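Please read the structure below before turning to the comments.
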Protein chains: 2
Amino acid sequence: MAVCAALEDDEVGALERIMTSRRLGPNETLVEEGQARTRVFTLTAGMLRLSVALPDGRRQITGFLMPGDYLGLADDEVHSASAEAVEPSALCAFPVRQMEALTERFPKLRDRLHHFTRAALRQAREHQLILGRLAPVEKLASFLVLLSARTVEHRLAPSPVRLPMGRGDIADYLGMTVETVSRSFTKLRNQNLIAMPDPHAIEIVDARALKAVAGLPDHGS
Amino acid sequence: MAVCAALEDDEVGALERIMTSRRLGPNETLVEEGQARTRVFTLTAGMLRLSVALPDGRRQITGFLMPGDYLGLADDEVHSASAEAVEPSALCAFPVRQMEALTERFPKLRDRLHHFTRAALRQAREHQLILGRLAPVEKLASFLVLLSARTVEHRLAPSPVRLPMGRGDIADYLGMTVETVSRSFTKLRNQNLIAMPDPHAIEIVDARALKAVAGLPDHGS
DNA sequence: CGCTATTTTGAGCGCCATCAATTTGGGTGG
DNA sequence: CCACCCAAATTGATGGCGCTCAAAATAGCG
């Protein structure tokens, strides 16, 4: 039972029965903003980006999903964000109808969903702080610190931190331009806070100093 | 039963029994970031601001609460944001312990809470877009449009839109400075999109044009 | 009616977005 | 395996916009 993570005890069987799996290639779209929400998903491998867009094409990435994360926590009838694969990904799909039925039978399942929704809301609020009040280098430092923290939470190889997403994605996540993202990377590297074997791998050289630059209050540990 | 809004049918009685009420003066603090979460609240009158702060004093306001809104949707054990009164306010308080007990007995109550949490998450994501990708005038226009929409949702007098919060609060909500907020107000006024009888009352003169400036995709109506 | 806090307006500068060029990397076919 | 090609990332130069500092005007309040 490694294929679909984040499930537990008795409801596993019931879930397995209604579950289908899905694979996505790089940059493939899973759901589009505004589409009817017919299924919910759990990511089992890879990484997704959630984004909302303006009519003129500007885009804000609201979050990245890592294995074990749920998709569609925020939504009722329609998807409020688009979801695309950053890299080759795999996920489990559950029809919302049947999911709701299971949710009735297994209160624990519902509790867990609610719990994840609250966690997502807290994460979104922290992101608001980053977007609204941090300077570019601070934003990037926060991003690396938080991503690194999530990497260990998800029991993935901690160092170097993998950055599957491109600079454009990071820019749209942090509310800046690609050029500024790149320049901020260079600054952190020149201060020897990080090392960059290649653009998609970051070694955190001085974690304490990086957190200091990030300026975020550390939530635990 | 007008004192505590947003409640329904059979659980009203049970809720009333565990409920206590509380009043706040302007700028009075209700909960502080990091405090243990012992009670949940519903706002019945006035307005609250939710905020998170950086060690160096910078502040991001994550949202404003209007009558009928819940406080503490995002939190488990501790409050992840501070809550202060913008203007004189009144609210109902429920001990979390007893609230959880009621939540067991009345699934509908739990559903409604979960529903509000999802709505808050969607709102936070829209706020992320505003913070990350809009220019100052666009931010302010969005703010006015959304506030106006919420004012009618909450069945309050629609025009002029009341702005109980000061310019500093708006700045910390939109991720800009007081000066830029003020200049943006002036720009909107000079283009005759709004009128400002006084700093805390805005008349939307040209709603369509204001929405165009806001640049947000309209979610319905 | 005078005081203080808030808001608005003003001047100047620094930083980030923009535009542009260069370098690097990844992927494909020879 | 290497050469080539295109996309992605970095670096460079410039200008505009929003932040900072400062002053004036307005509002709110006793």
Side-chain angles (χ1 to χ4, degrees), chain A residues 25-27 49 54 56-61 84 86-88 130-141 143-144 160 162-191 194-202 213, chain B residues 25-27 49 54 56-61 86-88 130-141 143-144 160 162-191 194-202 213 215:
Chain A
N27 295 312
R49 59 170 171 260
L54 290 170
D56 66 8
R58 281 178 289 182
R59 181 179 73 145
Q60 177 66 43
I61 294 183
E84 296 146 4
V86 171
E87 56 179 347
I130 292 171
L131 286 168
R133 284 304 177 211
L134 293 192
V137 228
E138 296 174 325
K139 285 182 178 179
L140 187 58
F143 175 66
L144 295 175
R162 269 185 2 102
L163 297 182
M165 70 294 285
R167 296 295 189 261
D169 285 345
I170 299 177
D172 283 345
Y173 179 73
L174 296 176
M176 44 208 247
T177 62
V178 219
E179 293 91 335
T180 304
V181 169
S182 183
R183 284 184 231 278
S184 301
F185 267 119
T186 305
K187 280 184 192 170
L188 292 178
R189 204 188 42 200
N190 288 343
Q191 297 177 224
I194 61 169
M196 230 182 349
D198 77 275
H200 294 284
I202 298 292
V213 172
Chain B
N27 296 311
R49 58 171 173 261
L54 290 169
D56 65 9
R58 281 178 290 181
R59 180 180 73 146
Q60 176 65 44
I61 293 183
V86 170
E87 57 181 346
I130 291 171
L131 286 168
R133 284 305 178 209
L134 294 193
V137 229
E138 297 175 324
K139 286 181 178 179
L140 187 58
F143 175 66
L144 294 176
R162 263 179 13 96
L163 298 182
M165 72 292 287
R167 296 296 188 260
D169 285 346
I170 299 177
D172 282 346
Y173 179 73
L174 295 176
M176 45 208 247
T177 60
V178 217
E179 294 91 333
T180 304
V181 169
S182 181
R183 284 184 233 276
S184 300
F185 268 119
T186 305
K187 280 183 192 169
L188 292 177
R189 203 186 44 200
N190 288 343
Q191 296 177 221
I194 61 170
M196 231 181 353
D198 77 275
H200 294 285
I202 298 292
V213 172

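These numbers come from the heavy atoms of this one structure, side chains and all, not from hydrogens, waters or symmetry mates. It should be emphasised that the depicted structure is a prediction, and the values quoted were computed from it without experimental measurement.
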Checklist line | Side-chain donor or acceptor of A:S182 paired with backbone N/O of A:V178 under 3.5 Å | finding: no
Margin query: I want to confirm an ordering. Mapping B:P199 and A:A135 to their closest nucleotides on DNA chain C, which one lands closer to the 5' end?
Written below: B:P199
Check: So how far is it from A:D169 CG to A:N27 CG, rounded to the nearest 0.5 Å?
Finding: 7.5 Å
Item checked: Separation between CG of A:L163 and CG of A:D198, rounded to the nearest 0.5 Å -> 9.0 Å
Check: For B:L134 and A:R58, what are the C-alpha separation, side-chain angles and deciding distance, and is it a side chain to side chain contact (heavy atoms under 4.5 Å, CB included)?
Finding: CA-CA 9 Å; B:L134 294 193; A:R58 281 178 289 182; 4.2 Å; yes
Notebook entry, point to check: Counting only N and O atoms by type, is there a donor-acceptor contact under 3.5 Å from the side chain of A:R167 to the main-chain atoms of A:P199?
Noted result: yes
Next item on the list: Under 4.0 Å from any atom of DNA chain C, heavy atoms only: list the residues of residues 178-187 of chain B that qualify, in numerical order.
Entry: B:E179, B:S182, B:R183, B:T186
Notebook entry, point to check: Does the A:E87 side chain pair with the main chain of A:M165, one donor and one acceptor, at a distance under 3.5 Å?
Noted result: no
Next item on the list: Using the heavy-atom set of chain B and a strict 4.0 Å cut-off, write down the first and last nucleotide of DNA chain C that makes it in, 5' to 3'.
Entry: C:dT7 to C:dA11
Note to self: Applying side chain to side chain contact (heavy atoms under 4.5 Å, CB included) to B:I202 and B:F185, what does each step give before you reach the verdict?
What the structure shows: CA-CA 10 Å; B:I202 298 292; B:F185 268 119; 3.6 Å; yes
Next item on the list: Shoot me the first and last contacting nucleotide of DNA chain D against chain A, ordered 5' to 3', at under 4.0 angstrom to non-hydrogen atoms.
Entry: D:dA9 to D:dA13
Next item on the list: Mind checking the NZ-CG spacing from A:K139 to A:L131? Nearest 0.5 Å is all I need.
Entry: 6.0 Å
Margin query: For A:P136 and B:M165, find the nucleotide of DNA chain C closest to each by heavy atoms; which residue's nucleotide sits nearer the 5' end?
Written below: B:M165
Check: So, does A:R133 use its side chain to make a donor-acceptor pair with the main chain of B:R59 at under 3.5 Å?
Finding: yes
Next item on the list: With rounding to the nearest 0.5 Å, note down the distance linking CE in A:M196 to OG1 in A:T186.
Entry: 6.0 Å
